[in-house]
Amino acid sequence: MATKPELETRSVHAGLRPDPATGAVAPSIHLSTTYERTPEGETRSDFLYVREDNPNRHALEVALASLEGGEAAACFASGLAAIDAVLRVVPPGGRVVAPADVYHGTRELLRTHHPSLTVDFVELWDLEAARDALSRDGASRDVALVLVETPSNPQLRITDVAAVAEEAREAGALCAVDNTWWTPVLQRPLELGADLVVHSSTKYFGGHSDVQGGAVVARHADSTFERVLAVQRQAGAVPSPFDCWLIRRGLQTLPCRVRAQAAGAEVVARALADRPEVDEVLWPGLASHPGHEVARAQASGFGAMLSIRVRGGYDGARQVAGRCRLFTRATSLGGVESLIEHRAAIEGEGSPTPPDLLRLSIGLEHPDDLVDDLLQALSP
Ligand SMILES: *Cc1c(COP(=O)(O)O)cnc(C)c1O
């Protein structure tokens, strides 16, 4: 579904215009925490107090709603603060369905901070399992929220968003999709039927590993979204004006970065696919990937994240990461520099991540240099 102006144009302009007072083309950073009233006590603009709203956050929210094709967006201080706001909309005692290999931080958030919620961890990429989680033997299971991540982290499983959103709607559940990894440049879950999209803006939106943030984007600015907004404004886990300014600036180059990084990931994935030191390359753009067809149907590219499973198990994987010279050994993703991470070590005991798995975030270096680095690390 084409929306005019096109995504690239909106990423540059949505929510921004030259400053009417000075003509400044780049937006100013409004650090003020409070806004003057007229002698009559009226507000002069839409702004009152920084936590409730401010010009930089407003510009970012307008842009994010526009890019995802939603009616409204609410920005948070981190991706997990955004996910937490969505979980707070679920009534106490409510049932939540989450992916079996949900992002580690979301799993901890559910376990530690939402003990009243009943959470079913389900292999949502298997539609039968998704259906079964929502209703069993014809009886509704009263699920309040289905959380989807596609691709999943770090195993890159692909979930059919349209099918799961449809099942959720029939079951009376909200469907929220974590779209951090593929971003609206490649995949727009609201257009596929999801109610909410959540993001860690710390990743591709910021894009330079120097700012933290999160967002909830809503298909409709309805009563559910009003509750998310109330959590944002009253609990106050909000990004600072400068954080918003950095993330809004990041969005201007988002389409270019995501596509170039995904093209680099393709070169890396194909170069490693036939190597004897690599047991498996998990990148949905490979025809051999079990989610390839669904990914092709619901996204316009296959992203810049991939995982590889290497010979030698837990220790072998750690040694490969240890020999990398160009890839930086660090957590996180979505920046201009390529990162490599041994997830099982990070996630610790009880992690469902295979011990021989290395997760790669492909940056903007020349892909041939990245391949050379990985080949020397795989066979020293
Ligand atoms: C990083 C990440 C998060 C958490 O975001 P923070 O900004 O670190 O709080 C949530 N979901 C996914 C898929 C992520 O990669």
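Just so you know, ligand 1 is whichever comes first in the structure, and atom 1 is the first atom listed for that ligand. Hydrogens, waters and symmetry mates are skipped; everything else that's a heavy atom, side chains included, is used. This chain uses plain numbering: 1 for the first residue, then up along the sequence.
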Using a 3.5 Å cut-off on N or O atoms only, is [X] in polar contact with ligand 1?
| X | answer |
| --- | --- |
| I83 | no |
| N153 | no |
| S200 | yes |
| T202 | yes |

for atom 6 (P) of ligand 1, nearest protein heavy atom and its distance come out as G79 N, 3.4 Å

Ranked by distance from atom 3 (C) of ligand 1, the top protein heavy atom is Y103 CE2, 3.3 Å

Salt bridge present between [X] and [Y] (N-O < 4.0 angstrom):
| X | Y | answer |
| --- | --- | --- |
| E8 | R259 | yes |
| E266 | R270 | yes |
| D356 | R309 | yes |
| E68 | R188 | no |
| R44 | E36 | yes |
| R311 | E277 | no |

| message | Can you tell me how the ring of H199 sits relative to the ring of F205, calling it parallel under 30°, perpendicular over 60° and tilted otherwise? | response | tilted

Between [X] and ligand 1, which residue portion shows a heavy-atom distance shorter than 4.0 Å: side chain, backbone, both, or neither?
| X | value |
| --- | --- |
| T106 | neither |
| L80 | both |
| K203 | side chain |

I need the atoms of ligand 1 closer than 4.0 Å to a non-hydrogen atom of [X], numbered in the order shown.
| X | value |
| --- | --- |
| W181 | 13 (C), 15 (O) |
| D178 | 10 (C), 11 (N), 12 (C), 13 (C) |
| L333 | 15 (O) |

- Could you tell me whether ligand 1 has any atom less than 4.0 Å away from a heavy atom of V198? no

Close approach of G213 to ligand 1, heavy atoms, under 4.0 angstrom:
yes

What one should report as the nearest heavy-atom pair of D120 and R141 is OD2-NH1, 3.3 Å

### Query
Any sub-3.5 Å donor-acceptor pair from T22's side-chain atoms to A24's backbone N or O?
yes

